[in-house]
Amino acid sequence: MTDVAEILIPLALDTAYSYVVPEGLRLAEGDVVQVPLGPRETVGVVWGLAHTAGGSNLRPVTGRVDAPPLSEPLRKLVDWIARYTLAPKGSALAMVLRLPDEAAARETARVGVRVSGKTPARATPARRKVLEAAADGALHGKSALAKAAGVSLGVVDGLIDDGALEAVAVEPEAVAPPPDPDHPRVPLSDAQEAAAIALIAGPGTALLPAADPNPAGPGAGSLSRAGEGASRGSGESLAHAEPAAPGPVLLEGVTGSGKTEVYFEAVAHCVRAGRQALILMPEIALTAQFLDRFAARFGVRPAAWHSGVGGRRRERLRAAVAAGEARVVVGARSALFLPFRKLGLIVVDEEHESAYKQEDGVHYHARDMAVVRGRLEGCPVVLASATPSIESRVNAERGRYRHVRLPERFGGRRLPDIRAIDMRLDGPERGRFLSPPLINAVKANLAAGEQSLLFLNRRGYAPLTLCRACGHRYRCRNCSTWLVEHRFRKALVCHQCGYAEPRPQACTECGTFDNLTACGPGVERIAEEVSELFPDRRIIVLSSDFPGGAERLRLELEAVAAGECDIVVGTQLVAKGHNFPHLTLVGVLDADIGLTSGDPRAAERTFQLLQQVTGRAGRGERPGRALVQTYQPTHPVIAALLSGDAERFYAEEVAAREAAGLPPFGRLAALIVSAAEREAAEAQGQALARTAEPPPGAMVLGPAEAPLALVRGRYRFRLLVKTERNVDLQSYLRDWLARAPKPRGSVRVAVDVDPQSFL
DNA sequence: AGCACGCCGACT
DNA sequence: GTCGGCGTGCTC
């Protein structure tokens, strides 16, 4: 009898490989091991163990790796994700198993220096300056000290060698200081308190009285002190170590209703119960502002996990998570794969955000994977949004998710007054983009000393450039899109693939000089118009191509939030993440952008975006105003926005999808095919997306129905696939692809499906 | 992911 | 005549 281990290797391999377990090595599922693979050694994870009779020709496991084993829920998650996303198992494993990378391990621990008291053998002026700067006896960073003394690092090193300074290893700052769930805080409103209790306690639990009969100052609400609920004898209590009710909950609250504070209570409860909490956010929303709000509630900033956290810090945080020391992690989508030891809660903030979709490598939707991980870990998953996705809403309506609502703004604040400006009646002058009513509103707002936002979801100066002499339109050489003029960069840029070329002086087609014309508006052009209208006002353009990089952008966002600006011209960047407390007027410049894109989620996305951006208007208790320029004031999206009737919009949207034969929660697959493949198929008179019968009940939105996007030489098809509940979509698609005449090259399929139907 | 094999274009 | 481009395939 031989012991054989099935080892999954974090490479694009779909099956685990078998190795012999050498004599004396005791392995368990989940253990991280080293194995030979071809000419080299790799790490892998024990996915299964078996005995077989007879000597085998398998290679042996080299040995165990000193790393915490992969928990069972995490292994199941890997299997699930691989199956669900049609990715190789090894690729799914790679997302979880980012081993301590060597570069990070080699990073030396930071060294600090302090005066030893010994006088240096030689005292040069430079040395004296250093010793003066370090005279306080405290620990100084080496380079910081050199800089403070105005000398080079060599002087400091010299003093260390001399013994006048002693080098001490700096205790690295804590990656994850413990949050205090009972930190004094601002009391919740009745509505928030009720929502928080519903979130934690689950269905069928009697609510505590919303108002505290014996208020004892801040922090004494019924949720703040463990055990108090019981002492008041008001039915079910949220006892100290009682875990929150598992399963997904949709926490829906209008902008400004204080959702964050509500789920913070669920986080606090989870921490009190001795378990870990994960708060997922779209990368863009992971701001200092949010971390400060967390600190205000819990006394410390949370451990943050995102692409910007690198090196040693990343590894130490991962270790703290695995050890269960990091109690709360706030992170972007990749944080979902951290090896939590005892996960007690996942919050997905802004759950409707498309940034949760990972579109390269393993394609997944972090919100859906969070639901799956929550299920596997047996913990609750809170999906929070002011504008939930259709699928989450449908799931809530059908009782698969619990639904907790915060229908009102916090502190009696009212929602903004939203009005349409019908561009067919009140349109701007030729070549202009601001309508007279909007200009007047901005004027009035400025006169009142208030901040305004002009929102246009289009970066750059103009979305299309053409030659007036020959009519040539500038398009991307890789993509099917027009090149967007960026006047600040003096370039024509493709917004699909990033291709850029300098803006030509003469038409590249006919050679005519200075006869190119910009068509349509982008934020840069709007800013130009605004500065002509209000020349002495402080105007700023905020979009993702803000010059000076992310750090300057962050500072600008803070300056705007502090009120240091009169008019903001911005793209969707301003609709997300940052709050602007001084903003009282929002002007939407082209509400119709995106409504005709052919994307099956166009209406939903536009509605969410417009609702978020108009919701930014309002200051303290004063309601704000929003003016929406549109050519289609009766379009369902615009009408819903104006009436504030989200319910109706969602109902209509679901009905429309059903009428079109589409499921309410999209089963969306993307088929990515190279341009050459498609041309080859078309040469044979076939449209590639239709070369095989789609799976039963599937609809394919291909060349005939929707314009294809051509990105970096690859066509992107969208397949909307309708299947029965509990049917294995993966086999459908595999089968379908197998039957399609497969041209050379890879055909990748990504699935973006409601995960609940496959659990 | 690495690393080999393999089949066509411009070079010491 | 070879060097080298990256497409394809394999690793228990």
Side-chain angles (χ1 to χ4, degrees), chain A residues 1-65 67 70 75 78-79 81-82 85-106 307 310 314-315 318 334 337 358-364 478 497 672-681 688 711-715 734 737-738 740-750:
Chain A
M1 288 295 267
T2 326
D3 281 334
V4 171
E6 299 297 317
I7 309 294
L8 189 60
I9 294 160
L11 298 177
L13 301 166
D14 205 25
T15 50
Y17 284 171
S18 310
Y19 290 85
V20 178
V21 183
E23 208 66 44
L25 184 64
R26 306 257 314 154
L27 290 180
E29 290 188 358
D31 282 353
V32 184
V33 292
Q34 196 181 82
V35 288
L37 184 70
R40 61 189 191 281
E41 294 280 322
T42 338
V43 290
V45 175
V46 179
W47 226 246
L49 290 162
H51 300 286
T52 45
S56 61
N57 47 355
L58 299 172
R59 300 173 78 177
V61 173
T62 310
R64 199 196 303 273
V65 168
L70 231 62
R75 277 177 279 137
V78 167
D79 281 335
I81 289 178
T85 64
L86 305 178
K89 265 188 193 178
S91 304
L93 176 65
M95 300 196 295
V96 171
L97 198 75
R98 292 278 147 73
L99 284 178
D101 76 270
E102 291 180 24
R106 267 188 275 109
S307 55
R314 196 176 182 88
E315 291 319 316
R318 170 187 292 281
S334 63
F337 304 107
Q358 170 93 83
E359 309 243 57
D360 45 45
V362 179
H363 295 230
Y364 65 89
N478 310 321
C497 72
I672 298 158
V673 178
S674 78
E677 289 158 20
R678 185 183 170 226
E679 277 150 28
L688 190 81
V711 180
R712 270 171 254 180
R714 301 202 152 234
Y715 282 98
R734 277 231 169 110
L737 283 173
K742 196 173 158 193
R744 288 132 97 26
S746 53
V747 175
R748 284 154 69 205
V749 173

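Remember, predicted model here, so these are calculated numbers, not experimental data. Numbered from 1 within each chain, the chains take letters A, B, ... in sequence-line order.
- A straight line from OH of Y17(A) to P of dC10(C) spans 10 Å, rounded to a whole angstrom.
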Please tabulate, one pair per line, all N/O donor-acceptor pairs under 3.5 Å involving side-chain atoms of residues 24-33 of chain A, not counting sequence neighbours.
| from | atom 1 | to | atom 2 | distance (Å) |
| --- | --- | --- | --- | --- |
| E29(A) | OE1 | R75(A) | NH1 | 3.3 |
| D31(A) | OD2 | A28(A) | N | 2.9 |
| D31(A) | OD2 | R64(A) | NH1 | 2.5 |

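- Within the model, atoms CG of L58(A) and OG1 of T2(A) stand 8.5 Å from one another, a figure rounded to the nearest 0.5 Å.
- Atom P of nucleotide dC12(C) and atom NZ of K89(A) are separated by 19 Å, given to the nearest angstrom.
- Backbone-only contact: P36(A) has heavy atoms under 4.0 Å from sugar-phosphate atoms and none from a base.
- Computed from coordinates, the Q34(A) CD to dC12(C) P distance equals 14 Å when rounded to whole Å.
- Rounded to whole angstrom, the span from the CG atom of L37(A) across to the C1' atom of dC12(C) amounts to 8 Å.
- In this structure, the side chains of D79(A) and K89(A) come closer than 4.5 Å at one or more pairs of heavy atoms.
- For the atom pair T42(A) OG1 and L37(A) CG, the distance stands at 4.0 Å (nearest 0.5 Å).
- Contact record, A92(A) with V362(A): N-CG2, 4.2 Å, taken as the closest heavy-atom pair.
- L11(A) has its CG atom 20 Å from the P atom of dT8(C), to the nearest Å.
- Across all strands shown, R59(A) has heavy atoms under 4.0 Å from sugar-phosphate atoms exclusively, and none from any base.
- The distance from atom OH of Y17(A) to atom CG of L11(A), rounded to the nearest 0.5 Å, is 8.5 Å.
- Looking at heavy-atom distances under 4.0 Å, I9(A) makes no contact with the nucleic acid at all.
- Close approach of DNA chain B to chain A, defined as any atom under 4.0 Å from a non-hydrogen atom of the protein, starts and stops at dA1(B) to dG2(B).
- Contacts of L58(A) with the nucleic acid, taken as non-hydrogen atoms under 4.0 Å apart, involve only primed sugar atoms and P, OP1 or OP2.
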